[in-house]
Protein chains: 2
Amino acid sequence: MTTRRVNLNTESVDNYLKAIFALGGPEEERVSSTALADRLGVAPASITNMLQKLAAAPVPLVEYESRRGVRLSTAGRRRALEILRHHRLLETFLYEVLGYPIEEVHAEAERLEHFISERFEERIDAKLGRPKFDPHGHCIPALNGKMSKQTSRPLSDIEEDGEFVVDSISDRDSVLLKRLNVHGITPGVRLRVLMSSRGEFVLRASGRFKSLQLSLSDAGAVRIRSIG
Amino acid sequence: MTTRRVNLNTESVDNYLKAIFALGGPEEERVSSTALADRLGVAPASITNMLQKLAAAPVPLVEYESRRGVRLSTAGRRRALEILRHHRLLETFLYEVLGYPIEEVHAEAERLEHFISERFEERIDAKLGRPKFDPHGHCIPALNGKMSKQTSRPLSDIEEDGEFVVDSISDRDSVLLKRLNVHGITPGVRLRVLMSSRGEFVLRASGRFKSLQLSLSDAGAVRIRSIG
DNA sequence: GGACCATTTTAGGTGTACCTAAATATTTAG
DNA sequence: CTAAATATTTAGGTACACCTAAAATGGTCC
Ligand SMILES: [Mn+2]
Ligand SMILES: [Mn+2]
Ligand SMILES: [Mn+2]
Ligand SMILES: [Mn+2]
């Protein structure tokens, strides 16, 4: 009755860990099976299956109690941050060195992040001059896994007109990303925000003439901070 | 009785096609199951299984008759050349742009070749100035799949002392590759060859003091052409 | 022309990562 | 507090890419 050891160095495991990390938020709260199923686009039953496997490993990658959600273990968090570092370095590299359009870097990085070696990671990091942020304004985790906390808030939380600085933009919706880019809404840019009726947001980047109207849900993809 | 269609866009299929292409040689001769099993490091039974699948596809990737070996179909050759182009562009890129040591480019390219997009391929090709040869001296197939025939011969075929130009060096043995590189034996270099007793080769690159002794089998990894 | 031997194929499994349907537990609402 | 709704897990599949062992084939050698 030898305990058969499973192989957890797979693209799939990477993606589960990244999803748990992302959904857990800065407080690393427990994540539900449904939320994961939704994010990863797989059936809830598949989630349960994988979580049981990740939790039962010799070095568990998650803490998991049946029906009580899941959170990353220390090893799981280390691995998630490693992949996130690959992802963001790749995005920066594709954008800066290979001249990709901003809305195309994410999909390419999403695949390659699982297959580049530590040497590749080191070489592009060096070539880019050890960047701290990716082209969407997201912080790149350091080699030791350290990552500074976000001080920004979602544009969708704003309740009054005002001026802000664009902190970062989610890379998950490439159509929206391109639309924002066309209107000059990129990380670091100064932004005038007007609340229209019915929870829509009207944005204008500094130095631009054309404004852009965003739905509440699209506004959730943009993070801002106060001018300063 | 619906014919279930299989997915042939996998890393595994890529590698089978590449192996058939490489083993078939310039004449694209039929390749035996054993030769493939040997090259790919899988059991002969696995080879049979995959070949049947590749041959039975709606657009067959190989021509296969039981017990008579395989060769690539037009579609299979196209795909093999596409992957070979990825591989060699990646090697050139890793070497030229990222400063990899020559003996490390192959392993990295071997993984990444299956996962880069057409955009990535195009961007590194452009960045490198549409190179025709990779850092081992191998021809990079064109976008349309055209590739010029080799005019070189293996060093191991030489039977008398002489001077030659290094054409290319196999990338499959990284230890040998590094050893050759240390002795200045790289594509384009002028090479003095002395036949020692017992089928060993003594090489000296032009402008170098130290010679290098190579076994017959290692000499098979070096291709040369006449000076001119 | 038959026996032998190497090659190749068939038959029957494995582990990974999914799936659907059914069962069960938890939460919410009346 | 219970019933309905929702969330989660269990049970029983599938496809892929491997594997080993056994059977079949085909060429060689006497
Ligand atoms: Mn991204
Ligand atoms: Mn991914
Ligand atoms: Mn190579
Ligand atoms: Mn490969």
Side-chain angles (χ1 to χ4, degrees), chain A residues 1-20 23-24 29-58 60-71 76 79 83 110-111 114-115, chain B residues 1-20 23 29-58 61-71 76 79 83 110-111 114-115:
Chain A
M1 179 193 107
T2 46
T3 307
R4 44 174 88 11
R5 76 200 52 184
V6 288
N7 177 19
L8 295 173
N9 297 311
T10 66
E11 185 179 355
S12 214
V13 167
D14 285 353
N15 287 334
Y16 277 80
L17 297 176
K18 268 196 358 176
I20 296 166
L23 295 174
E29 284 153 25
R30 288 176 171 284
V31 175
S32 74
S33 297
T34 322
L36 279 169
D38 204 59
R39 172 118 179 170
L40 292 170
V42 303
S46 305
I47 300 288
T48 302
N49 212 268
M50 179 64 97
L51 294 184
Q52 289 173 342
K53 202 169 69 174
L54 296 181
L61 295 174
V62 300
E63 289 164 26
Y64 171 65
E65 282 172 279
S66 197
R67 287 167 221 272
R68 319 198 62 226
V70 72
R71 60 163 49 133
R79 172 90 167 273
I83 303 297
E110 192 68 36
R111 256 175 305 115
H114 312 290
F115 305 108
Chain B
M1 173 191 112
T2 46
T3 308
R4 43 171 89 5
R5 74 201 54 184
V6 288
N7 177 20
L8 295 172
N9 297 312
T10 65
E11 185 179 356
S12 214
V13 168
D14 285 353
N15 288 333
Y16 276 82
L17 297 176
K18 270 195 0 176
I20 296 166
L23 295 173
E29 286 153 23
R30 289 177 171 282
V31 175
S32 72
S33 297
T34 324
L36 279 170
D38 205 58
R39 172 116 177 169
L40 292 171
V42 303
S46 305
I47 300 288
T48 302
N49 211 267
M50 179 65 98
L51 294 184
Q52 289 174 342
K53 202 169 68 173
L54 296 181
L61 296 173
V62 300
E63 288 164 26
Y64 170 66
E65 282 172 280
S66 197
R67 286 167 220 274
R68 319 197 61 223
V70 267
R71 58 165 47 133
R79 172 91 168 272
I83 302 297
E110 192 69 33
R111 257 175 302 117
H114 313 289
F115 304 107

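Just so it is clear, the structure is predicted and the values come from calculations on it, not from any experiment. Every chain is numbered from 1, with letters handed out A, B, ... down the list of sequences.
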Q: Mind calculating the distance between CD (B:Gln52) and C1' (D:dC18) to the nearest angstrom?
A: 15 Å
Q: Return the value, rounded to whole Å, for the distance between atom CG of A:Asp38 and atom P of D:dA7.
A: 10 Å
Q: Give the minimum heavy-atom separation between A:Gly69 and A:Tyr64, together with the two atoms involved.
A: O-CD1, 3.7 Å
Q: Kindly give the heavy-atom pair with the smallest separation between A:Asn7 and A:Asn9, and that separation in Å.
A: OD1-N, 2.9 Å
Q.
Counting only side-chain nitrogens and oxygens, does A:Thr10 get under 4.0 Å of the OP1 or OP2 atom of C:dA17?
A. yes
Q: Quick one: closest heavy-atom pair of A:Leu36 and A:Tyr16, and the distance?
A: CD2-O, 4.5 Å
Under 3.5 Å, which N/O atoms of the protein pair with N/O atoms of nucleotides 19-22 of chain C?
unit_1: C:dC19; atom_1: OP1; unit_2: A:Ala43; atom_2: N; d: 3.3
unit_1: C:dC19; atom_1: OP2; unit_2: A:Ala43; atom_2: N; d: 2.9
unit_1: C:dC19; atom_1: OP2; unit_2: A:Ser46; atom_2: OG; d: 2.6

Q: Could you tell me whether the phosphate oxygens of D:dC16, OP1 or OP2, come under 4.0 Å of any side-chain nitrogen or oxygen in B:Ser12?
A: no
Give me, pair by pair, the N or O atoms of the protein and of nucleotides 22-26 of chain D that are less than 3.5 Å apart, along with how far apart they are.
none

**Q.** Residues A:Arg30, A:Glu63: salt bridge by 4.0 Å N-O rule
**A.** no
Q.
Students often get this wrong, so: under 4.0 angstrom with heavy atoms, is A:Ser33 touching a base, only sugar-phosphate, or nothing?
A. sugar-phosphate
Q.
Side-chain N or O of A:Ser32 versus OP1/OP2 of D:dA7: is the shortest distance under 4.0 Å?
A. no
**Q.** Pairing residues for A:Arg79 by the salt bridge (Lys or Arg N to Asp or Glu O under 4.0 Å) criterion, not counting sequence neighbours
**A.** A:Asp14
Q: Measure the spacing between CG of A:Leu17 and CG of A:Leu8 and express it to the nearest 0.5 Å.
A: 8.5 Å
**Q.** Between CD on residue B:Gln52 and CD1 on residue B:Ile47, distance to nearest 0.5 Å
**A.** 12.0 Å
Q) Is a donor on one side and an acceptor on the other found under 3.5 Å between the side chain of A:Arg71 and the backbone of A:Val62? A) no
Q: Respond yes when some side-chain nitrogen or oxygen of A:Lys53 is under 4.0 Å from OP1 or OP2 of C:dA17, and no when none is.
A: yes
Q) Would one find a side-chain N or O of A:Tyr16 under 4.0 angstrom from OP1 or OP2 of C:dT16? A) no
